[in-house]
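Have a look at the structure below, then the notes.
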Amino acid sequence: MKQVVIHPERCVGCMQCMVACATAHSKTKSLPGALGESPLPKPRIHLGTGLYREGFPNRCRHCDPAPCMMVCLPGAIYREEVGNTVLINGEKCINCATCAMACPFGVIRYHEDSLGPPGKAIAVKCDNCIDRRARGQVPACVEVCKCGALTFEEPSSSFKRKTDEMARRVSAGAEERAEVASPGFVLMNVLKRAQVELSGREA
Amino acid sequence: MSDKTKKFEKYTITRDGQLMLGKAEQEQIETVWDRFEDQLPQCGYCEMGLSCRNCAMGPCRVDPFGEGPQKGVCGADADIIVARNFGRMIAAGAASHSDHGRDLVEVLEKVSQGKAPGYKINDSEKLMRVAAEYGVATEGKDALTVAGELSYAMQEDYGTRKKGIQLISRVPPKRLKVWEKLGIIPRGIDRETSEMMHRTHMGVDNDWLNLLLQGMRNALSDGWGGSLIATEVSDILFGTPKPVSSTVNIGVLKEDHVNILVHGHNPVVSEMICRAAEDNELVRLAREKGAKGINLAGLCCTGNELLMRHGVPMAGNHLMTELVLMTGAVEMILVDYQCIMPSLGHVAKCFHTRMISTSDKAKFPGMDHREFHPENAAQLARELVKEAVENFTNRNPDRVYIPVDPVQCMAGFSVEAILGALGGSPAPLIDALKAGKIRGAAGIVGCNNPKIRQDYGHVTLAKRLIENDILVLDTGCASVATAKAGLKVPEAIRLAGPGLKEVCGALGIPPVLHVGSCVDNVRIMVLAAALANTLGTDISDLPLAGAAPEWYSEKAVSIGVYVVASGIFTVLGPTPPITGSAKVVNMATAGLNDAVGACFAVEPDPEKAAVLIRRHIEKKRKGLGLSSIEV
């Protein structure tokens with residue numbers, strides 16, 4: 001079954017996934033329309049900042065067993081078996097934050113949600129774009145990610161790619177013809193890292 | 001306070017900056033560093049120059065990893081998009097300097113017409129000299145007539161009627177031939193910027209190399225056009241700087257005085273404020289209000305303009321402009337344009353400080369707009385200084401916090417002043433270079449940038465260069481940084497190598513010379529051209545280098561490009577947004593050597609940048625047949 005796979009080494013930190021996620025979870029499903037809605041839709045994928053100012057797209061892993069599900073006292077969190085997606089029933093949610101405490105990845109937020117019960121703050125997180133999937137679309141974050149940091153694929157194909165990459169790296173003479181997917185991106189990150197490291201030096 | 005400010009050491013090496021950041025945190029006032037953190041991570045497409053929003057078929061971006069889209073909707077690939085974006089940065093920078101220059105030319109014109117009360121010709125000798133360069137007949141004419149004719153001739157430089165702008169006449173013939181061969185002699189100041197914008201419109205210039213060539217021509221229209229006119233006319237109107245002593249850092253504010261700050265770039269406004277602040281009647285009013293007097297200080301480049309010409313104290317560079325408000329001791333800040341953070345009006349609202357915008361082309365949230373024109377400037381300046389004085393009684397003495405003492409500095413090193421210190425000709429400098437006492441000279445220029453610990457780049461690089469007998473000339477925020485670090489006093493020769501120590505010691509000058517504001521980078525270019533002309537060589541043959549260790553602005557991009565196109569190797573601290581194109585990176589960091597005899601390097605670490613510069617200078621020395629050492 002296809003899943004959203006994160007490739008952090010490819011994240012350029014553009015935050016387009018956040019904008020697309022919020023739009024996909026709006027009432028109008030369009031960016032200009034979404035900006036006029038109340039409450040404003042919010043993203044369920046969040047970009048973190050690494051030690052060297054690089055981006056990291058952080059989203060729900062839909063764990064199995066899911067710690068959030070196990071600790072949810074009113075039983076608002078459940079698993080949708082077909083897509084193996086952990087979902088939250090906003091009507092049942094009591095906004096107690098226990099799931100957020102249990103979540104090892106910090107991906108659960110609390111707010112009134114465009115698509116949830118009106119006037120009530122609830123736990124909100126990634127739903128694997130279950131509505132878009134039903135319409136035959138890929139998750140919004142994946143669709144908008146043009147640099148391959150988020151892909152929607154069989155985990156086995158992703159694993160195979162990684163395995164082959166590793167294998168090529170240990171081939172005889174690999175150092176001489178090392179493959180770098182984007183020398184420009186590597187160069188930029190080396191320079192950014194140097195900038196950060198200067199901050200800790202004796203002046 | 002020291003434990004509390006420890007964490008701010010990663011933001012700035014300056015003690016006043018660290019202490020004021022502590023105050024900002026205590027008062028919960030947001031600063032530029034907070035907003036920088038909020039922006040992280042920054043968009044990689046934009047950082048690499050790979051996003052394009054030049055047209056409405058887009059916006060587009062190119063996947064640097066090669067799997068996603070490799071072309072914009074129009075078909076532009078990474079090389080074209082990067083070159084177009086870089087070209088537009090140059091255009092914006094050149095436009096900024098050149099428009100600043102135009103405002104000065106307009107004042108010069110109004111002075112000649114007697115329509116600018118308060119302004120006058122301050123250096124008529126320089127007026128006559130520059131007028132002669134422009135082919136204006138000066139004999140038997142009074143200064144005002146010549147000023148009118150010169151302003152007209154300079155306005156022609158902005159237009160499209162000429163084959164080449166006038167002041168390339170100062171460029172060594174060998175350099176002009178290089179430009180001629182490449183087709184990059186700037187024809188008109190506005191023309192090159194306008195053409196750059198045209199070329200980067202969808203469907204015009206789609207050859208990345210051709211775009212970069214126009215980028216160089218556009219930058220040269222700034223370096224030998226708009227900026228140079230700005231500097232020369234400023235000298236004519238307000239006086240050519242001479243060595244002067246002053247003080248620097250946040251400690252220049254005085255607890256018992258009315259404190260007025262000027263911030264921005266053009267001396268047109270700050271000069272009038274400077275005069276009004278000395279008005280006896282207003283000083284008397286300040287005493288009546290309980291202050292001991294009026295204390296005027298500068299920020300950024302308009303501060304540098306006043307420091308260079310009048311020794312007005314300097315409160316700080318770019319990243320200090322919010323923090324200076326936290327002293328609670330500023331009655332008024334008057335701003336004109338460029339590098340004025342739109343946050344300032346909000347910060348000022350936390351205090352009694354009044355913020356005044358003065359230019360029709362630069363309005364800001366939270367500021368009172370009081371527009372200056374040559375006709376009303378003297379009168380308006382007086383009114384505003386009076387209002388600042390009246391605001392003194394609104395100051396809350398319990399909130400005043402000026403935690404450091406100011407540092408001494410010397411400024412005022414115009415080309416005329418440097419040559420004056422050398423006895424009227426560049427010969428002694430050339431002798432010192434030949435003898436190897438001075439290995440070479442480097443210009444350290446440019447801004448502050450929250451990506452780089454404030455002043456660390458400027459100060460570290462300057463120290464490493466002077467200890468290796470390389471004379472440093474600096475401008476803009478860089479010059480304020482080294483002044484705060486105490487490198488701009490004659491005694492700083494103790495930090496210099498033996499040769500530089502001997503030369504500067506004999507002349508009584510610091511080893512790091514304050515050459516002026518950021519338009520005044522042209523003073524370094526003019527000096528370089530004069531040295532090359534004296535030696536009958538090209539600028540690119542000289543043991544010179546440039547550096548912009550903490551640059552942030554589009555103006556700095558234009559400066560960097562005109563410096564390199566003029567033949568001077570330049571090291572950048574922050575990375576320009578070009579890493580999306582290997583071709584553009586290779587051209588900027590190597591290929592340009594073949595074209596213009598100089599190129600860029602990117603090196604955030606000033607220790608390593610110093611090595612690059614020393615190595616380059618020794619290589620150039622060897623090329624001239626002078627003694628050289630392995631670095």
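Here is how names work: the chains are called A, B, and so on, in the same order as the sequence lines, proteins then strands, and each is numbered from 1.
The part of A:E54 that comes within reach of chain B is its backbone (N, CA, C, O), which places non-hydrogen atoms under 4.5 angstrom from that chain. Neither the backbone nor the side chain of A:E197 comes within contact range of chain B; no heavy atoms are under 4.5 Å apart. Contacts of B:E550 with chain A are absent, with no heavy-atom separation under 4.5 Å from either backbone or side chain. B:P574 touches chain A through backbone and side chain together, each having a heavy atom under 4.5 Å away.
Contact count against chain A (heavy-atom pairs under 4.5 Å) is highest for B:C43 among B:C43, B:C46, B:A582. By number of non-hydrogen pairs under 4.5 angstrom with chain A, the leading residue of B:T460, B:D605, B:I452, B:L50 is B:D605.
Counted within 6.0 Å of NZ on A:K160, heavy atoms from surrounding residues, nucleotides or ligands total 12 or fewer; the atom is thus considered open. Within 6.0 Å of the CZ atom in B:R35, the count of heavy atoms belonging to other residues, nucleotides or ligands exceeds 12. Residue A:Y52 qualifies as enclosed at atom OH: its count of foreign heavy atoms under 6.0 Å is above 12. Around the NZ atom of A:K27, the shell of radius 6.0 Å holds more than 12 heavy atoms that belong to other residues, nucleotides or ligands.
The two residues B:L40 and A:M15 come nearest to each other via the heavy atoms O-CE, 4.0 Å. Across all their heavy atoms, B:F65 and A:S182 have their closest contact at CD2-CB, 3.8 Å. Nearest approach of A:L187 to B:V585, heavy atoms of both residues: CD2-CG1, 4.2 Å. Closest approach of A:L47 to B:P41, counting heavy atoms only: CD2-CG, 3.4 Å. Listed here is the closest heavy atom pair of A:C147 and B:Y45: N-OH, 3.4 Å.
In this structure a side-chain-to-backbone donor-acceptor pair under 3.5 Å is missing from B:T579 to A:F185. For the pair B:R453 (side chain) and A:L198 (backbone), a donor-acceptor distance under 3.5 Å is present.
Here the side chains of B:R61 and A:K146 are in contact, with some heavy-atom distance below 4.5 Å. At least one side-chain heavy atom of B:E607 sits less than 4.5 Å from a side-chain heavy atom of A:R201.
Taking CG from B:D63 and SG from A:C145, the interatomic distance works out to 8.0 Å, rounded to the nearest 0.5 Å.
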message = Assess the residue pair B:E67 and A:R10 against the criterion (salt bridge (Lys or Arg N to Asp or Glu O under 4.0 Å)); give the C-alpha distance rounded to whole Å, side-chain angles, the decisive distance to 0.1 Å, and a yes or no.
response = CA-CA 11 Å; B:E67 281 172 28; A:R10 293 228 165 167; 3.3 Å; yes
